[in-house]
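Just below is one structure, and these are the notes that go with it.
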Amino acid sequence: MERRHHSQSHSQRQQRRNHFSSSSSSSSNQSRSNNRFSFPKSSSSSSSSSANDVRDRRRETQEEKQEEAIVGTCPFMCPEAERLQRQRLRDLAVFERLHGDPRNSSPALAVKKFCRTMSAKEVRASDVRPLPVLEETLNYLLSLLDSTEHPFEVIHDFVFDRTRSVRQDLIMQNIVNDKAINMFEKIVKFHVISHHKLRSSCSSSSISPLHYLNLEQLTKALTSLYNLYEANRSSKPIHEKEAEFRSFYVLLHLDSNGQPVGESLSLWFRHVPSPIIKSKEMWFARQALRYFQMGNYRRFLSTVAAEASYLQYCIIEPYIDEVRSLALCCIHNCCYKLHPYPLGHLSKVLMMEESDVELFCNAYGLQTCIDEVGNKLLPTKQTTFCRPKGGLQNYSFLGFQQLGSHMLSSLFYNHFLLVPMKPFSHVDGWN
Amino acid sequence: MSMGEAHRRITDYLNRFSDAVSSQDVASLKQLLSFSSNSPSLLSLADSLNVFQDANRLIKQSDNYSPFADITVPLFRSLQHYRTGNLVDAYLAFEKSANAFIQEFRNWESAWALEALYVIAYEIRVLAERADRELASNGKSPEKLKAAGSFLMKVFGVLALGTVHLCRSVIRSIETARIFDFEEFPKRDKVTYMYYTGRLEVFNENFPAADQKLSYALINCNPRSEANIRSVSAVLIVMILKYLIPVKLSIGILPKDWLLEKYNLVEYSNIVQALRRGDLRLLRHALEEHEDQFLRSGVYLVLEKLELQVYQRLFKKIYIIQKQKDPSKAHQMKLDVIVKALKWLEMDMDVDEVECIVAILIHKNLVKGYFAHKSKVVVLSKQDPFPKLNGKPVNS
C-alpha cells in the first residue's frame, strides 16, 4: 500500500513535469514533448497512516513548487531579444522583413522561430508567449495563406515552422483548455491544406521532403489534438469538430499495408467514443475505408465526390489516384478483348473529365481508338500496360468543387473573413 | 577513493536516475542500466558502493530517491556483485530490480521508457547466461536463463495490455534472438504468450501468423478434470475463439455451428450464415447489430472485409441455379440477373456497380473469367470458376 502511494504521487509529479523535455536534440524526443500533456489525475489518496500524511504534505509543497508550469510574459509574436539577434544575423524570413530589408524587422512582422533544443531549466518566461498572444500570432500566420505574392512552398515553409513554435509554447505552458483545442484544430487544418497543395506542386513521383515533413507534423498535431479532446472530456463530452478531426485519422490510414508504423486502425477504433463513431463524418470515413479495402472503386469515388468535406478530400486525394489506377487495371485486364471500353463510360467510372481520361490512359501506356461513329474507346488487354513512370498529374474530379486558393482563410474563421493583418502595428514606437 | 568522493558519485547517479524519470529522458535512463557496457561511470559507481557501504540508507531517507528504492537498492546490489564477478547473485538482484521497474513502468502514463525496458531485457539475458555458466562450472544446474525467459513473458503481458503497437519490434527482436527454447516453458506461459501475440497479429491483419498462434493457444489450453480449472479454461477458450474465428473466416474456413453454440459466440452466428448463403444483407445486419462489441474487441474491420467472400458465394449460388436450369449456358451470367438477385436481398445496385464488383472479384482471383461490357455479361471459366481461398486470405 505504501509503495503504491509513493509511485502514484511520484507519477503525478512526473506527469506535471513531463512537458519539460530533455535537452536532447533528436527530433523524436522533441516530438514526444509535443505530444505529452500532463492531465491532472483525480488524486486517489489511499488511507495512509499519519506518518505518511506528514511526508505527503511535505511532498505536496515540493510538487506545488515544481509543478508551476511556465507562464509566458512575452507580449509580442517574437521575443524582443530573438528579433534583435536575428536582425543582426540577417536571419529574417521574407515575411518578417520591413520593407524588404533583410536586416530590419518589427514586432508586427517578426514571429518566434521553432527551436528544437529547449531545456526546461533554460527557458525564460519572457521568451514564452501567453495564450492571447499565441492566438493573435496564429491568426496572423494563417492569414498569410491567402497571399499571392509568394509561391505556396515559401508560405508553407514559414507557417510550418512558426506554428510549430506556437505549439511548443502552448505545451510548455501546459495550456490544455478549449482555446488550445481551437488552436490545434486550426493548425491541423493548415497541415491538411498543405498536404494537398504541396502534392499538386510536386512534379516527380517521389514524395518531396516538404510533403513528407508536413505529413509528419500533421500526424503529431493530430495526436496532440486527440489528447486534448480526452483531457477536456469531463467539461465537454464531445467537441463540435471532434468527429471531423477524428475522421482524418481513418482517412490517413486507409492503406493499412503501407503503414507499418503507428497504431493499426483496429486498435485505434477501440478507444474512439461511441458518439464519434456514429457521427456523419466518421461514417463517411468508415465507408471510404470499407470501399477502399474492398476495391469497390465505383462506390469509393462516388461517395467521396458526394460526401467528402474539403479537408477530408485533401487527405483522401492520394487514394483517389490509387483507386482510379485499380479501376483502370481491373477494366483493362478483365474486360473482353473484342469489346473496347467506351471512354465516356470510363469517365463516369473514374469520375474524371473525358479529356483527362485519355491522358490518364496514356500515362499507363495505353492507347485509345475511335469507332465508326466517332466514340472514343479503350481497347483492353493491351500489352503496353505499365505503371506510370513519373508522378500522375492532377486530374479533374467530377462532382467535386475545388476551393480557390483565395478562399483558404475562410476555412479557419466561421464568422469573419477579414483578419487583422498586422496585430501589433498599433504599438507605439514601432513601424 | 575517499568516502566523500564515493558519496558524491552515488548521489550523482541517483540524481541522474531521478531526473531521467521525471523528464522522461529515456536516453539517459538507458545508460544508467546498461551493466554490460562496462562504462567507466558504472564501474566507478560499483567501486563507490564498496567504499560507501550505506547506500541503502541514503536512498530510503531521501524524498528524491526513495520512490525508486525498489529499483535502485537491488540494482546497486547487483552492480556490486557484478563487479566482484559474482554472477549468480548479480543476476538475482538484477531480476528483482527489473521486476520493480516493470511495476513502475505500468504506472507511467506512456511507454516513454520502452527503450530502457529493452535494455533491461537485454541485460537480464546477458546476466542470466553468465550466471548459468557460473552454475555449470560449479556443477549446479543452469536455470537462470529460463528464469529470465519468464521475466520476458511478464514484459509481454505488460506491453500487450498497454501500448500494443510498440510490441512488434520487441517481439521480433526477442524471437529472433532465440533467448530461450520456447518449448521448455510451462504451458500456461506459452498459451498466454501465443494469445497475446496472436491477437496482435489480428490487429495488424497478418492472418496466417494469427491463425498459427491462436490455434496453438487453443490446442494447448485443454480443460482438465477439476471443475474449477475447466471453467477457467473455458473462459480462455472463448477469449481465443473471439479472435480465432474472424481469422479463420478470413482464410475461408467456417466454424461448425456446435462450436458457436457451445461457447455462446452468438455474435458470429449470423456472419457465418451470411458466408454460407452469400447473403450480403445478413452480413451488413450482423455487423450493425454487434458493431460496438466488434469495434471494442478490434475485429470489426476484419469482419467487414468478408464482404467480397460473401459476393463470391452469391455468384456461385446463381451459377449453380443456372447450371441446373441449362448446363450449356451456365458459364455466362448476365449482369442483370445479378442485379435482380441483389434487389431480392434488398440491396440496391445498378449494373455499373455490379460490373465493378465483378471486375474486382476477377482481379482478386475470387472469380475466374472475364466480363463483356457491351453485352453486360460475365463469362466464367469452365474449370473452377470460383476458386477456394485454401487457407490464404483474399489477396489485395
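Throughout, protein chains are lettered first and strands after them, A, B, ... in sequence-line order, and every chain is numbered starting at 1. Everything quoted here is computed from the prediction, not taken from an experiment.
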Taking a cut-off of under 4.5 angstrom between non-hydrogen atoms, the residues of residues 289-299 of chain B near chain A are B:Glu291, B:Asp292, B:Leu295, B:Arg296, B:Ser297, B:Gly298

Note: vs chain A, highest number of non-hydrogen pairs under 4.5 angstrom among B:Ala359, B:Ser28, B:Ala372, B:Cys356 is B:Cys356

So, the part of A:His345 with a heavy atom under 4.5 Å from chain B: the answer is side chain

When the 4.5 angstrom heavy-atom criterion is applied to A:Arg299 and chain B, the contacting part is side chain

**OP:** For A:Tyr291 and A:Arg286, test the side chains for any donor-to-acceptor distance below 3.5 angstrom and give the result as yes or no.
**Re:** no

*asked:* Using side-chain heavy atoms (C-beta onward) and a distance below 4.5 Å, is B:Val378 in contact with B:Lys334?
replied: no

Note: vs chain A, highest number of non-hydrogen pairs under 4.5 angstrom among B:Ile362, B:Val358, B:Asp352 is B:Asp352

Pair B:His373-B:Glu355, side-chain donor/acceptor within less than 3.5 Å: yes

Rounded to the nearest 0.5 angstrom, the CG-NE2 distance for B:Leu380 and B:His331 is 8.0 Å

Answer key: most heavy-atom pairs under 4.5 Å with chain B among A:Lys337, A:Arg298, A:Arg290 is A:Arg290

Cut-off 4.5 Å, heavy atoms of chain A, and the answer for B:Phe371 is both

Side chains of B:Leu32 and B:Leu75: does their closest heavy-atom pair fall under 4.5 Å? no

Turns out that what part of A:Leu326 lies under 4.5 Å from chain B's heavy atoms comes down to side chain

Applying a strict 4.5 Å limit to non-hydrogen atoms, the region of B:Glu353 in contact with chain A is both

Okay, A:Asn296 and chain B: the region with an atom under 4.5 Å from a heavy atom over there is both

Next on the checklist: Checking side-chain polar atoms at under 3.5 Å, does B:Tyr65 have a donor or acceptor matched by the opposite partner on B:Asn15?
Outcome noted: yes

Between A:Glu230 and A:Tyr226, is there a side-chain donor-acceptor contact under 3.5 Å, judged purely by atom types and distance? no

Under 4.5 Å to a heavy atom of chain B? For A:Val272 that would be backbone

Worksheet item: Do B:Thr72 and B:Ser97 have side chains that get closer than 4.5 Å, going by heavy atoms?
Response: no

Honestly, the part of A:Lys348 sitting under 4.5 Å from a heavy atom of chain B is side chain

Notebook entry, point to check: Are B:Lys305 and A:Met294 close enough that some pair of their side-chain heavy atoms sits under 4.5 Å apart?
Noted result: no

Exercise for review: Determine whether A:Arg270 and B:Phe203 make a side-chain contact, defined as any pair of heavy atoms from C-beta on separated by less than 4.5 Å.
Suggested key: yes

Report task. Determine whether the aromatic ring centres of B:Phe68 and B:Phe17 lie less than 6.0 Å apart. Result -> yes

